[in-house]
**Q** 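Structure provided below as structure tokens; questions to follow.
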Amino acid sequence: MSKKLRAITSLVCKVLTLALGVAVTALSCMGSLVMQTAASLLGIGLACAGVALQARS
């Protein structure tokens, strides 16, 4: 993978990780979050964090 593509992949995954974490927090505060949805969103965020860490190396 080229350095530019790695950098873009890492950035996108970091942004997704942050956005999903914020979404779960906001939905939870509003009281409109189902636990299965929260687990799915946080799982996707964790997978994106793993990809971001892998793309960095």
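Only a predicted model underlies this, so the values are computations on that prediction, with no experimental measurement involved. Excluded from the calculations below are hydrogen atoms, water molecules and symmetry mates; all remaining heavy atoms, backbone and side chain alike, are included.
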**Q** Is there a chain of hydrophobic side chains (I, L, V, M, F, W, Y, each step under 4.5 Å between heavy atoms) that links Leu18 to Ile44?
**A**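 No: no chain of side-chain contacts under 4.5 Å links Leu18 to Ile44.
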
**Q** Please determine whether residues Leu33 and Met30 belong to a single hydrophobic cluster, defined as Ile, Leu, Val, Met, Phe, Trp and Tyr linked transitively by side-chain heavy-atom distances below 4.5 Å.
**A**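 As far as the 4.5 Å side-chain criterion goes, Met30 and Leu33 are connected within one cluster.
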
**Q** With rounding to the nearest 0.5 angstrom, report the CG to SG distance, Leu53 to Cys13.
**A**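 These two atoms lie 10.0 Å from each other.
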
**Q** How long is the straight-line distance from OG of Ser28 back to CG of Leu41, given to the nearest 0.5 Å?
**A** 11.5 Å

**Q** Establish whether Leu16 and Leu42 are linked, either directly or via other cluster members, by ILVMFWY side-chain heavy-atom contacts under 4.5 Å.
**A** no

**Q** Could you tell me whether the side chain of Ser40 reaches within less than 4.5 Å of the side chain of Thr37, counting heavy atoms only?
**A** no

**Q** Would you find a donor on one side and an acceptor on the other, under 3.5 Å apart, between the side chain of Thr9 and the backbone of Leu5?
**A** yes

**Q** What heavy-atom pair brings Cys48 and Thr17 nearest, and what distance separates the two atoms?
**A**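 That closest heavy-atom pairing would be CB-OG1, 3.4 Å.
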
